[in-house]
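Structure record follows, encoded as structure tokens.
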Amino acid sequence: MRLRRPQRCTLSDRLVWQSASLLLSYPDRGQFEAAEALVEHVDGGAGAQLRATLDTVRGLGATAAATQYVDTFDLRRRATMYLTYWTTGDTRNRGRAMLEFSDAYRRAGVSMAHREAPDHLPVVLEFAATVDPTGGRDLLVAHRVPLGVLHDALCESDSPYASTVAAVLGTLPAATDADLRRVQHLAAGGAPVESVGLQPFTLTVPPRRGEQGRR
């Protein structure tokens with residue numbers, strides 16, 4: 001039996017992850033300027049995908065961009081960027097799943113800000129880009145199915161953010177047939193639901209932006 005070597009994280013991957021982290025965060029002028037500087041160094045299709053999001057969202061203007069972001073990610077359950085929602089749903093396993101992220105950050109020597117959820121996609125992408133590329137990539141690979149669900153939801157709504165998630169997926173191994181079936185299953189039936197055992201990691205999905213600072 002031949003063993004497959006783990007894929008190495010390249011500088012290009014890290015540039016994609018950091019650019020995507022900025023573009024998938026709540027939009028503001030400083031974010032666009034930082035993303036612009038990074039995207040210039042991303043070659044090929046990934047660069048074009050990131051640029052498409054940047055140009056479209058920036059072109060909306062500050063107010064419209066903020067409104068679209070909230071409508072897309074805060075008000076649509078299928079477009080949530082909390083990755084453990086699609087692996088465990090609102091079940092007692094959610095806490096353990098989120099601890100996997102927190103433990104990875106802790107092993108790398110960083111701590112989470114209290115207002116941030118450890119499984120929020122922009123947080124994971126920034127961690128992968130700037131702190132621990134191997135550990136961060138492992139988290140992204142382990143949650144490729146949730147990323148696929150998110151991408152499909154954004155494509156269905158013709159969201160400019162779809163191309164950025166596509167760029168992230170392009171840095172990961174191709175989806176298997178089992179992955180694709182799981183994406184279809186979750187998209188059709190939703191995540192598991194259970195109302196107990198979530199403390200201290202209870203999240204509102206869709207999230208309410210005014211409550212994020214109190215988590």
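Because only heavy atoms are used, hydrogens play no part in the values below, and waters and symmetry mates are left out as well, while side chains stay in.
In this structure, Pro173 and Arg144 have side chains that are not in contact, with every pair of non-hydrogen atoms separated by 4.5 Å or more. Residues Pro122 and Glu126 are not in side-chain contact: their nearest non-hydrogen atoms beyond the backbone lie 4.5 Å or more apart. Side-chain contact between Leu172 and Leu147 is present, with heavy atoms from C-beta onward closer than 4.5 Å. Side-chain contact between Val124 and His143: absent, with no pair of heavy atoms (C-beta onward) separated by less than 4.5 Å. In this structure, the side chains of Leu38 and Val16 stay at 4.5 Å or more apart for every pair of heavy atoms. Between Ser111 and Tyr105 the shortest side-chain heavy-atom distance does not fall below 4.5 Å. Contact check for Phe101 versus Phe127: no side-chain heavy atoms found under the 4.5 Å cut-off. Here the side chains of Asp119 and Tyr85 are not in contact, with every heavy-atom distance at 4.5 Å or above.
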Result block: side-chain N/O donor-acceptor pairs under 3.5 angstrom for residues 39-52, not counting sequence neighbours:
from	atom 1	to	atom 2	distance (Å)
Arg51	NH1	Glu36	OE1	3.2
Arg51	NH1	Glu36	OE2	3.1
Arg51	NH1	Asp55	OD1	3.4
Arg51	NH2	Glu36	OE2	3.0

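Here Ser157 pairs with Arg76, Ser159 under the side-chain contact (heavy atoms from CB on, under 4.5 Å) rule; sequence neighbours left out. For Pro160, the side-chain contact (heavy atoms from CB on, under 4.5 Å) partners are Thr56, Val57, Gln68, not counting sequence neighbours. For Arg29, the salt bridge (Lys or Arg N to Asp or Glu O under 4.0 Å) partners two or more places apart in sequence, or in a different chain, are Glu33. For Phe32, there are no ring pair (Phe, Tyr, Trp, His ring centres under 6.0 Å) partners at least two apart in sequence or on another chain.
Of the inter-residue distances, the one linking Arg78 atom CZ with Leu150 atom CG reads 9.5 Å to the nearest 0.5 angstrom. Taking CD from Glu100 and CG from Leu139, the interatomic distance works out to 8.0 Å, rounded to the nearest 0.5 Å. Note that OG of Ser21 is 8.0 Å distant from CG of Leu121, once rounded to the nearest 0.5 Å. Annotation: the span from Thr80 atom OG1 to His120 atom NE2 amounts to 6.5 Å, rounded to 0.5 Å. Atoms CG and CD, on Leu23 and Gln31 in that order, are 6.5 Å from each other to the nearest 0.5 Å. Between atom OG1 of residue Thr67 and atom CG of residue Asp74 there is a gap of 11.0 Å, rounded to the nearest 0.5 Å.
Between Ala35 and Leu22, the shortest heavy-atom contact is N-CD1, 3.7 Å. In terms of heavy-atom proximity, Pro118 sits nearest to Ser102 at CG-OG, 3.5 Å.
Aromatic ring centroids of Tyr26 and Phe73 lie 6.0 Å or more apart.
Listed by first and then second residue, the salt bridge (Lys or Arg N to Asp or Glu O under 4.0 Å) pairs involving residues 157-171 amount to none (not counting sequence neighbours).
Side chain of Gln18 to main chain of Leu15: no donor-acceptor pair is present (N/O by atom type, distance under 3.5 Å, no hydrogens or angles).
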(request) Given side chain to side chain contact (heavy atoms under 4.5 Å, CB included), test Trp17 with Arg137 step by step and report yes or no. (result) CA-CA 10 Å; Trp17 295 336; Arg137 185 178 186 278; 3.7 Å; yes
